Undergrad: 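Before anything else, here's the structure in question.
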There are 2 protein chains.
Amino acid sequence: MTDPASVDSGIDLAPHELRILVAVERERGFSAAAAALGLTQSAVSHSVRGSERKIGAVLFERGRTGARPTAAGERAVAHARRILRLLDTLVAEARGAAGGAVEGPLRIAAFRSVALHLLPPVLVRLRAAHPGIEPEVRVVREVGPGTAGEVAAGRADLAIATIGTSSPIPAGLVGGVLLEEPYSFVHPAGHPDPRSLPLVDWTEACTSYTRDWWAAQDWIPRASMRTEDDGAVLSMVSAGHGMAIMPALSLTGAPATVAITDLGPQRPTREVGYVTTPELARSLAVRALIRELRADRAPSGGPDPRG
Amino acid sequence: MTDPASVDSGIDLAPHELRILVAVERERGFSAAAAALGLTQSAVSHSVRGSERKIGAVLFERGRTGARPTAAGERAVAHARRILRLLDTLVAEARGAAGGAVEGPLRIAAFRSVALHLLPPVLVRLRAAHPGIEPEVRVVREVGPGTAGEVAAGRADLAIATIGTSSPIPAGLVGGVLLEEPYSFVHPAGHPDPRSLPLVDWTEACTSYTRDWWAAQDWIPRASMRTEDDGAVLSMVSAGHGMAIMPALSLTGAPATVAITDLGPQRPTREVGYVTTPELARSLAVRALIRELRADRAPSGGPDPRG
DNA sequence: TCGGCGTATGAGGATGATTCATGGAAGGGG
DNA sequence: CCCCTTCCATGAATCATCCTCATACGCCGA
């Protein structure tokens with residue numbers, strides 16, 4: 001401290017310190033973070049204390065129930081995540097530039113219907129083309145920050161998200177539209193008057209997309225029910241308890257007990273696309289995945305919106 | 001490689017290793033880098049060797065004349081600079097969040113006319129709003145990678161660059177347009193037939209912008225001369241040795257010995273904007289600078305292109 | 001063949017990270 | 001009220017890592 005030359009030796013945080021900060025924030029506690037990292041609680045305590053001394057600010061409020069980040073801690077953790085990701089891409093890109101194969105983990109955030117029905121064949125082809133890539137799909141609710149929020153927070157490399165005027169690509173991220181899928185009218189097969197059934201909705205339903213459509217209809221649902229996810233909606237409809245307006249992806253592999261009716265040219269639609277960071281968009285693994293996603297979309301028709 | 005458990009302990013490079021890579025690239029040699037960092041040549045050699053082992057690629061070609069980066073090394077060094085910068089901002093912003101102030105250096109790359117005529121009032125207001133910020137402007141020729149290249153290489157935090165179809169924002173970076181400035185016809189005041197004078201050009205002139213305009217004109221310059229920069233162009237014109245087509249910023253504070261003629265509605269224009277990395281776009285200092293840049297642009301008219 | 005200029009390498013010491021063992025503080029039952 | 005659990009903090013010992021010193025290697029030009 002007294003010697004100015006001694007300052008330059010250690011103002012910056014080492015990667016393991018950054019990892020510890022991120023883990024403490026994620027696990028909401030020192031002990032839990034230590035367990036998650038395979039370290040001792042003491043090591044985490046020492047490391048956080050050292051980081052705080054280097055930075056000169058308290059990063060976590062320690063309490064009875066664990067540790068929660070302060071305002072300074074929030075910022076530090078957000079930067080830490082991005083730095084760690086850049087460190088990974090540094091290694092990956094340098095390897096790639098050296099002529100090596102594409103390899104390493106690839107964290108994908110997707111909502112349920114995409115993870116179940118769109119990604120599997122894509123990832124099969126991706127692994128066939130690039131055996132070194134290890135895709136990890138995490139299902140994320142498309143509410144709040146949604147899947148794109150996972151990318152923004154550094155917890156995912158690429159997100160499959162609904163893209164539109166009401167949910168644009170977040171600032172600082174890049175992305176593109178993969179497919180525009182129509183909503184269809186789903187109802188129990190053989191029901192005499194399915195429109196009299198209550199409407200079954202779910203939390204992630206993009207109501208803003210369908211609201212305009214409802215407003216233009218001459219019939220409105222008798223009642224409405226809300227369920228957990230689109231799979232549950234399909235179960236309800238299949239059991240004859242209601243009808244629903246669902247996007248095509250959620251209807252993939254629907255049982256024969258439900259009937260699907262096209263809503264005609266005025267039907268509502270939603271656009272599904274990918275979102276990633278500009279950095280990762282340049283990485284070979286992410287580009288390979290986007291290529292496969294596009295190749296998957298291509299046979300189903302539609303012009304290429306790519307620039 | 002043989003022990004899988006040993007892999008997770010150290011794939012990522014420590015800050016001091018990144019610093020050494022950057023120094024070797026800058027100093028073009030291990031010994032010179034060691035001297036610059038106050039280390040031993042042996043330490044640099046060990047460190048680079050360790051980094052190469054972790055990455056799995058040769059980063060520098062060693063020879064009797066020193067060391068030069070390979071393709072993999074180029075990428076690694078560019079990432080290293082950006083990571084080191086992010087580490088600095090992490091500390092600075094965490095301190096700021098705790099103390100309430102934004103502080104630290106802010107490296108701006110700009111071409112000559114912007115540095116002379118656009119930035120000064122902006123930086124005055126920036127320093128007034130955030131006394132802790134220390135802006136450092138570096139004048140960079142807008143040729144080759146240009147100012148945006150400085151950001152991509154991690155040598156600047158934000159670049160003022162010309163943005164257009166022929167020079168888009170580089171992949172992996174983000175940016176926005178600040179102003180669209182017209183080119184004007186500059187000639188010696190009082191000259192009877194300025195169009196008969198030779199055209200004075202300079203290295204950075206965005207000839208692609210003006211070329212189309214020339215093609216649509218019914219008069220072509222008699223001859224052309226090339227000078228060092230736009231300031232020299234203005235001197236030549238002022239001395240009566242030629243005429244030129246120059247953007248508005250370069251004409252700020254032009255002497256009374258030159259006359260400026262508007263080229264009418266068909267005049268060529270160029271767009272001037274900022275370019276930064278997605279990570280730094282989230283930092284407080286960069287955001288404050290962009291805010292002041294926008295505030296400066298606003299009074300001169302034009303809609304806000306920002307999303 | 002010999003300096004001069006680069007880098008590579010091995011051994012030893014300093015620096016720092018992790019662990020072990022222990023202490024303190026705050027709730028929640030009995 | 002006491003105990004028990006669950007957190008985090010702290011000090012000393014252990015262990016890994018980084019740095020330096022000394023030296024070896026390769027390459028050029030005189």
Side-chain angles (χ1 to χ4, degrees), chain A residues 1 3 5-55 58-70 73 80 84 87, chain B residues 3 5-55 57-70 73 80 84 87:
Chain A
M1 332 318 185
D3 181 12
S6 72
V7 174
D8 68 343
S9 75
I11 326 179
D12 36 39
L13 286 72
H16 60 89
E17 295 180 292
L18 301 180
R19 239 181 281 280
I20 287 175
L21 294 184
V22 170
V24 169
E25 192 265 355
R26 174 165 29 89
E27 305 291 336
R28 293 272 186 267
F30 286 24
S31 303
L37 292 174
L39 293 180
T40 309
Q41 172 268 328
S42 177
V44 173
S45 179
H46 275 134
S47 178
V48 172
R49 185 165 188 70
S51 300
E52 288 178 331
R53 189 177 44 76
K54 288 179 187 174
I55 291 179
V58 178
L59 299 179
F60 292 95
E61 301 239 4
R62 284 84 150 170
R64 195 67 220 91
T65 73
R68 302 181 63 82
T70 64
L84 290 172
L87 277 169
Chain B
D3 182 9
S6 72
V7 173
D8 67 343
S9 77
I11 324 179
D12 37 37
L13 286 72
H16 59 88
E17 294 180 294
L18 301 180
R19 239 181 281 280
I20 288 175
L21 294 183
V22 170
V24 169
E25 191 266 355
R26 173 164 32 86
E27 305 291 336
R28 293 275 185 265
F30 286 23
S31 303
L37 293 174
L39 293 179
T40 309
Q41 171 268 329
S42 175
V44 173
S45 180
H46 276 134
S47 177
V48 172
R49 185 164 186 66
S51 299
E52 289 178 330
R53 190 176 43 76
K54 289 179 186 173
I55 291 179
V58 178
L59 299 179
F60 292 95
E61 301 239 6
R62 284 86 147 170
R64 20 258 163 261
T65 75
R68 300 182 65 84
T70 64
L84 289 172
L87 279 168

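What you are looking at is a predicted structure, and each value in this text was computed from that prediction instead of being measured. Excluded from the calculations below are hydrogen atoms, water molecules and symmetry mates; all remaining heavy atoms, backbone and side chain alike, are included. Sequence lines set the chain letters: A, B, ... in the order given, protein chains first and strands last, and positions in each chain run from 1.
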Undergrad: Using whole Å, report how far CZ of B:R28 lies from C1' of C:dC5.
TA: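 B:R28 atom CZ is separated from C:dC5 atom C1' by 18 Å.
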Undergrad: Where do B:F30 and B:A67 come nearest, in terms of heavy atoms and distance?
TA: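 Closest pair (atom of B:F30, atom of B:A67, distance): CE1-CB, 3.5 Å.
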Undergrad: NA contact type, A:S31, heavy-atom cut-off 4.0 Å: base, sugar-phosphate, or nothing?
TA: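 Sugar-phosphate: the residue A:S31, judged by heavy atoms under 4.0 Å, touches backbone atoms but no base.
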Undergrad: Rounded to the Å, how far apart are A:F60 CZ and D:dA9 C1'?
TA: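 Taking CZ of A:F60 and C1' of D:dA9, I get 16 Å after rounding.
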Undergrad: Tell me the closest heavy-atom pair linking B:T70 and B:V58, and the distance in Å.
TA: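 B:T70 and B:V58 have their closest heavy atoms at OG1-O, 2.8 Å.
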Undergrad: If you round to the nearest 0.5 Å, how far is NE2 of A:H46 from OG1 of A:T40?
TA: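 Rounded to the nearest 0.5 Å, the OG1-NE2 separation comes to 11.0 Å.
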Undergrad: Return the value, rounded to whole Å, for the distance between atom CD of A:E61 and atom P of D:dA9.
TA: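 My rounded result for the distance is 12 Å.
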Undergrad: Is there a side chain to side chain contact (heavy atoms under 4.5 Å, CB included) between B:V24 and B:L59 once you walk through the steps?
TA: CA-CA 10 Å; B:V24 169; B:L59 299 179; over 6 Å; no
Undergrad: Which pairs pass salt bridge (charged side-chain N to carboxylate O under 4.0 Å, His left out) with one or both residues in residues 26-45 of chain A, sequence neighbours excluded?
TA: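 Every pair satisfying salt bridge (charged side-chain N to carboxylate O under 4.0 Å, His left out) with a residue in residues 26-45 of chain A: there are none.
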Undergrad: Begin with the C-alpha distance, continue with both residues' side-chain angles, and end with the deciding distance and a verdict on side chain to side chain contact (heavy atoms under 4.5 Å, CB included) for B:V48 and B:R62.
TA: CA-CA 11 Å; B:V48 172; B:R62 284 86 147 170; 3.8 Å; yes
Undergrad: Which whole-number value in Å describes the distance from A:R53 CZ to C:dG16 C1'?
TA: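 Rounded to the whole Å, the gap is 11 Å.
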Undergrad: Would you kindly give the CZ-to-P distance between A:F30 and D:dT10, to the nearest whole Å?
TA: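 Taking atom P of D:dT10 as the reference, CZ of A:F30 is at 11 Å.
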Undergrad: Indicate, with a heavy-atom threshold strictly under 4.0 Å, whether B:G50 touches base, sugar-phosphate, or nothing.
TA: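 The residue B:G50 makes no contact with any strand.
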Undergrad: Rounded to whole angstrom units, what separation is found between the CG atom of A:L37 and the C1' atom of C:dA17?
TA: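 That distance rounds to 14 Å.
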Undergrad: Sugar-phosphate means primed atoms, P, OP1 and OP2; the rest is base. With that split, encode nucleotides 21-30 of chain D 5' to 3' as B, S or - using protein heavy atoms under 4.0 Å.
TA: BB----SS--
Undergrad: Hey, does the side chain of B:R62 come within less than 4.0 Å of C:dA8's phosphate (OP1/OP2), counting only N and O?
TA: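 Result: yes.
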Undergrad: Grab the CD-P distance between B:E52 and C:dT7 for me, whole Å please.
TA: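 Those two atoms, CD and P, are 12 Å apart.
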Undergrad: At under 4.0 Å, does any side-chain N or O of B:T65 touch on OP1 or OP2 of C:dG6?
TA: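 For C:dG6, OP1/OP2 do not have a side-chain N/O of B:T65 under 4.0 Å.
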Undergrad: So, does A:R49 get its side chain near the phosphate of D:dA9, meaning an N or O under 4.0 Å from OP1 or OP2?
TA: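 So the side-chain polar atoms of A:R49 never come under 4.0 Å of the phosphate oxygens OP1 or OP2 of D:dA9.
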Undergrad: Quick one: B:I20 CD1 to D:dT17 C1', roughly how many Å, whole number?
TA: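 From B:I20 CD1 to D:dT17 C1': 13 Å.
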Undergrad: Quick one: stems involving DNA chain C, counted as three or more successive Watson-Crick or G-U pairs, both distances short of 3.5 Å.
TA: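 Runs of three or more consecutive pairs: C:1-30 with D:1-30.
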Undergrad: Closest to the B:H16 side chain: D:dC19, D:dA9, C:dA17?
TA: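 Nearest listed nucleotide: D:dC19.
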Undergrad: Supply the atom-to-atom distance A:S47 OG to A:L39 CG, rounded to the nearest 0.5 angstrom.
TA: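 So the gap between those two atoms works out to 8.5 Å.
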Undergrad: Can you see which heavy atom on A:P15 is nearest to which on B:L13, and at what distance?
TA: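 So the two residues come closest at CG-O, 3.4 Å.
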Undergrad: About how many Å separate CZ of A:R49 and CD of A:E52, when rounded to the nearest 0.5 Å?
TA: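 That separation rounds to 7.5 Å.
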